[in-house]
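Report on one structure; see the data block that follows.
Numbered from 1 within each chain, the chains take letters A, B, ... in sequence-line order.
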Amino acid sequence: MLDPKLLRESPDLVRAAIAKKHLDVDLDAVLALDASWRAQLQETEQLRSQQKAANTEMAKLPKGSPEFIAKVQEMKALSAQVKEREAQLKETEEKWKQAVLALPNLPHESVPEGRTPEENVVFSTHGDVNAVSPHAKAHWEVAGFDRLFDFARGAKVTGAGFPFYVGDGAKIVRALLHFFLDEAGRAGYLEVNPPIFVNAASATATGQLPDKEGQMYETADKLYAVPTAEVPLTNYLRDEILDESALPVYRCAYTPCFRREAGSYGKDVRGLNRLHQFDKVELLKWVHPSTSYEELDKLRLDAERLLQKLGLPYRVLLMCGGDLGFAQAKKYDLEVWSAGQKRWLEVSSCSNFEAFQARRAQIRFRAKGADKPELVHTLNGSGLAVPRVLAAILENNLQEDGRVKIPDALVPYFGKEFLSFA
RNA sequence: GGAGAGGUGGCAGAGUGGUCGAAUGCGCAUGAUUGGAAAUCAUGUGUGCGGGCAACCGUACCGAGGGUUCGAAUCCCUCCCUCUCCGCCA
C-alpha cells in the first residue's frame with residue numbers, strides 16, 4: 001500500500017509511477033474519493049464530538065430529572081444522525097481503501113523504462129553456456145526420467161503438476177534443500193519452519209488478496225496454502241514494533257509452494273518447468289529504510305552464490321517498469337541456463353518492496369529518541385526454487401552414459417557423485 | 001470433539017452502563033539527590049486515522065465483527081484465540 005499522504009501531496013509522483021509500470025489506474029478518481037472520504041470523516045468526527053460532550057453533561061445530571069429526560073430526547077436526534085453519517089462514511093471508506101490498495105508501489109529511479117519482458121535489462125551473465133554437457137537434452141526426454149519423476153502417478157493420485165519424486169529423484173530434492181538452507185544459514189539468515197497455511201489477513205498483508213485470490217488453493221475453513229514462504233514469513237512480524245537495534249532481521253524458510261497457475265498452458269509447462277507444488281527456500285529481510293538498496297544487492301548475491309557453487313551458468317535480469325510487479329520498487333530475476341531446452345529458466349526473484357508491504361502489514365521500528373515509529377523496508381528473494389535448478393542440473397550435467405554428474409558442492413548432501421536413472 | 005474458565009496498555013492487574021484511553025504496581029525515559037551507583041523523590045511514558053508549519057486539537061481502538069442504548073471495556077449475539085479437565089491422536 002502506498003502512503004496516502006504521498007498521494008495527496010505529490011500526485012504527480014504517483015502518476016509517473018503508474019506510467020512507468022504501464023498500469024491503467026484512474027488517479028483522478030482516487031484523488032476525488034480521497035477528498036470526499038476526508039470531508040465525511042471530519043463531519044462525522046465533529047458530530048461524535050458533540051455527542052461525547054453531551055454525554056459528559058448528562059452524567060452529571062440526576063437520572064430521572066426533567067432536564068435529563070429532555071436531554072435524552074434531544075440526543076436521540078443527534079444519535080440517529082451520527083449513525084447515518086457513520087454508515088455513509090463506512091461505505092466511502094471501503095471504496096477509498098480499495099482504490100488506494102489498487103495503487104502500485106513507486107518504481108525506484110534505477111529501474112529501466114520498458115513495457116514488456118523483452119525490455120528487461122541483462123544486468124550480468126555468469127558462466128559459459130557452451131561449457132555444459134554436449135549430451136544435454138530436455139530433462140523430460142532423458143531415458144528413465146519418468147521413473148525418478150513420476151508425473152503419471154502424481155496425476156492419478158492428485159492431478160497434473162503434482163509429481164512423485166522417487167529414489168534419486170527424491171534424494172536430490174532433499175540434497176538441494178539441505179544445501180540451500182545451510183548456505184542461507186552461513187549468510188546470516190535464521191532458519192524458520194513456518195505454517196504452510198495462512199489466514200486471509202496474512203494473505204492480504206503480503207498482497208495475494210484480494211486480487212490474486214484465484215492463484216491460491218483454499219481450504220474448507222478459509223485457509224490458503226502458501227504460494228511462497230514469503231507469506232507466512234513476512235507476516236511473522238505483522239503488527240509489531242521492533243527496536244531499531246534489532247534491524248536488519250534476516251530469516252530463511254523452506255516450504256512447499258502451492259500455485260494453481262490458472263490459465264498457464266503451452267510449452268513452458270513441460271516437465272519440471274511449472275508445477276502446482278514445488279519446494280523452495282525463501283530469503284527474507286526486514287531492514288532500516290536507509291539501507292534497503294544495499295541490502296537488495298547483498299540478497300541478490302546470496303542467491304547468486306548458490307548457482308555459482310552449483311556450477312550452473314546463469315544471468316541476472318533487472319526488471320523494467322512494465323515487467324516489475326505491482327508491489328515491488330525494484331526487482332532482479334536470476335535465470336539459470338537450461339542446456340537441453342536451450343533457454344533461461346527463472347529460479348529466483350529478488351525484490352525490494354520498500355515500505356509497501358510494511359505499511360499494509362504494519363511492521364515498524366522505533367528509532368532511539370524518535371517519537372513516532374517508522375515503517376521498515378521488506379525484501380525477499382528465492383534462494384532457490386528447486387525444480388528448475390534441478391532441471392538445469394539434469395540437463396547441463398547429463399553424461400553420455402545417461403547418468404547425471406552431481407555438482408561438487410552438492411555431493412556431500414547427495415552422498416554420491418552421479419545420479420542414475422536406471 | 002465434550003465440559004468449564006478466561007482474553008483490558010511493554011508486563012502484572014483493577015474496573016459490570018455515564019465524569020474511562022482506562023486505577024494501582026512493575027518496567028522504561030527525563031530530571032533532582034550522589035564522588036559514582038543503589039535507594040528515594042518528581043514528571044512523563046500506547047497505536048491508527050483526520051486537521052494543523054508547529055505547539056497541539058479532534059476521533060477511534062479494552063480479542064474480532066455485529067446489536068441494544070441518549071451513552072458500552074462493562075449488557076446481548078456470532079466468531080477467533082488461550083488455559084484447565086475429559087476424549088481422540090502423529
Side-chain angles (χ1 to χ4, degrees), chain A residues 1-11 30-101 103 193 195-205 209-210 218-224 232 235-246 355-376:
Chain A
M1 176 177 169
L2 216 53
D3 186 355
K5 288 192 189 74
L6 184 73
L7 174 68
R8 282 163 212 151
E9 286 159 17
S10 320
V30 183
L31 282 164
L33 197 54
D34 182 57
S36 97
W37 170 66
R38 281 186 294 161
Q40 285 185 40
L41 180 66
Q42 278 172 51
E43 267 180 60
T44 308
E45 287 193 347
Q46 211 262 323
L47 288 174
R48 277 204 284 238
S49 181
Q50 283 178 35
Q51 200 178 23
K52 274 180 78 164
N55 192 27
T56 310
E57 266 182 63
M58 287 174 73
K60 289 172 188 151
L61 260 37
K63 272 268 156 60
S65 67
E67 301 99 299
F68 187 88
I69 289 159
K71 205 75 184 163
V72 168
Q73 286 311 313
E74 191 189 327
M75 282 301 113
K76 272 188 176 169
L78 183 61
S79 176
Q81 207 183 349
V82 168
K83 281 213 171 82
E84 192 192 322
R85 290 302 175 90
E86 275 179 345
Q88 283 172 7
L89 177 67
K90 203 173 166 183
E91 205 175 299
T92 309
E93 195 162 47
E94 197 45 47
K95 284 186 200 155
W96 174 84
K97 214 168 155 185
Q98 291 309 316
V100 173
L101 243 36
L103 295 175
N193 189 335
I196 59 168
F197 291 97
V198 294
N199 58 30
S202 295
T204 305
L209 294 178
E218 187 182 346
T219 68
D221 30 41
K222 289 274 176 201
L223 295 176
Y224 298 89
N235 278 283
Y236 182 72
L237 292 178
R238 172 151 57 89
D239 296 324
E240 294 194 27
I241 299 175
L242 311 170
D243 201 88
E244 188 179 24
S245 62
F356 196 80
Q357 285 184 328
R359 181 170 295 106
R360 250 197 225 205
Q362 285 295 306
I363 305 170
R364 291 163 294 168
F365 71 95
R366 200 189 305 275
K368 211 173 170 61
D371 47 337
K372 284 276 161 196
E374 204 179 326
L375 294 163
V376 301

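- In terms of phosphate contacts, A:R8 brings a side-chain nitrogen or oxygen within less than 4.0 Å of OP1 or OP2 of B:G50.
- Shown are A:Q40, A:R38, A:K97; of these, the side-chain hydrogen bond (donor to acceptor under 3.5 Å, both in side chains) with A:T92 is made only by A:Q40.
- Of the candidate nucleotides B:G18, B:G51, B:U59, B:U59 has the atom nearest to the side chain of A:E45.
- In this structure, A:R359 reaches neither bases nor backbone, as no heavy-atom distance under 4.0 Å exists between it and the strands shown.
- Using modelled atom types, no side-chain atom of A:S79 and backbone atom of A:M75 make a donor-acceptor pair closer than 3.5 Å.
- Rounded to an integer number of Å, the gap from NZ of A:K63 to C1' of B:U19 is 12 Å.
- Atom P of nucleotide B:G71 and atom CD of A:E74 are separated by 13 Å, given to the nearest angstrom.
- Between A:K60 and A:R48, the residue anchored closer to the 5' end of RNA chain B is A:K60, taking for each the nucleotide with the nearest heavy atom.
- Proximity of A:K5 to the phosphate of B:G48: no side-chain N or O atom is located under 4.0 Å from OP1 or OP2.
- In this structure, B:A72 makes no Watson-Crick or G-U wobble pair, since no nucleotide meets both defining distances under 3.5 angstrom.
- Remark: A:K71 is not in phosphate contact with B:G71, judged by side-chain N or O atoms under 4.0 Å from OP1 or OP2.
- Looking at heavy-atom distances under 4.0 Å, A:E57 makes no contact with the nucleic acid at all.
- Counting non-hydrogen atoms of neighbouring residues, nucleotides and ligands closer than 6.0 angstrom, the CZ atom of A:F68 exceeds 12 such neighbours.
- Considering CD of A:E86 and CD of A:E84, their distance stands at 11.0 Å, rounded to 0.5 Å.
- Look at B:U34: it lacks any Watson-Crick or wobble partner with both distances under 3.5 angstrom.
- Contact annotation for A:K372: backbone-only contact, meaning every heavy-atom pair under 4.0 Å involves sugar-phosphate atoms and none involves a base.
- In this structure, B:G21 forms no base pair with any nucleotide, since neither Watson-Crick nor G-U wobble geometry is met with both distances under 3.5 Å.
- On the C1' atoms, B:A38 is 50 Å away from B:G71, given to the nearest whole Å.
- For the pair A:R364 and B:U47, the criterion of a side-chain N or O lying under 4.0 Å from OP1 or OP2 is not met.
- The side chain of A:V72 has B:C70 as its nearest neighbour among B:U47, B:C49, B:C70.
- Pair assignment for B:U43 gives B:A29, based on Watson-Crick or G-U wobble hydrogen-bonding distances that are each under 3.5 Å.
- In this structure, the CE atom of A:M75 is 17 Å from the P atom of B:U69, given to the nearest Å.
- Per the geometry, CG belonging to A:D239 stands 19 Å off P belonging to B:G46, to the nearest Å.
- Of the nucleotides present, none pairs with B:G87 by Watson-Crick or G-U wobble criteria with both distances under 3.5 Å.
- With distances taken from any side-chain atom of A:T56 to the nucleotides B:C70, B:G50, B:U19, the minimum falls on B:U19.
- Residue A:S79 has a polar side-chain atom (N or O) positioned under 4.0 Å from OP1 or OP2 of B:G71.
- In this structure, A:L89 atom CG and B:A60 atom P are separated by 12 Å, rounded to whole Å.
- With sequence neighbours excluded, the residues satisfying salt bridge (charged side-chain N to carboxylate O under 4.0 Å, His left out) with A:E57 are A:K71.
- If A:E86 and A:Q73 are placed on RNA chain B by their nearest nucleotide, the residue sitting closer to the 5' end is A:E86.
- Checked against B:G50, B:G71, B:C70, the side chain of A:F68 finds its nearest nucleotide in B:C70.
- A donor-acceptor distance shorter than 3.5 angstrom exists from the side chain of A:Q362 to the backbone of A:R359, with no hydrogens or angles considered.
- The distance from the CG atom of A:L375 to the CZ atom of A:F365 is 8.5 Å, given to the nearest 0.5 Å.
- Within the 4.0 Å cut-off from OP1 or OP2 of B:U59, at least one side-chain nitrogen or oxygen of A:S49 is found.
- Among the heavy atoms of the strands, none lies under 4.0 Å from A:W96.
- Rounded to an integer number of Å, the gap from A:Q362 CD to B:G46 P is 17 Å.
- A donor-acceptor pair shorter than 3.5 Å cannot be found between the side chains of A:Q42 and A:Q46.
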Would you list the protein and nucleotides 61-66 of chain B atom pairs, both N or O, that sit under 3.5 Å from each other?
| unit_1 | atom_1 | unit_2 | atom_2 | d |
| --- | --- | --- | --- | --- |
| B:G66 | OP1 | A:K90 | NZ | 2.4 |

Check nucleotides 74-80 of chain B against the protein and report each pair of N or O atoms closer than 3.5 Å, with its distance, or say if there are none.
none

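- Distance, A:Q46 CD to B:U59 P: 10 Å, rounded to whole Å.
- Per the geometry, CG belonging to A:L41 stands 10 Å off C1' belonging to B:G58, to the nearest Å.
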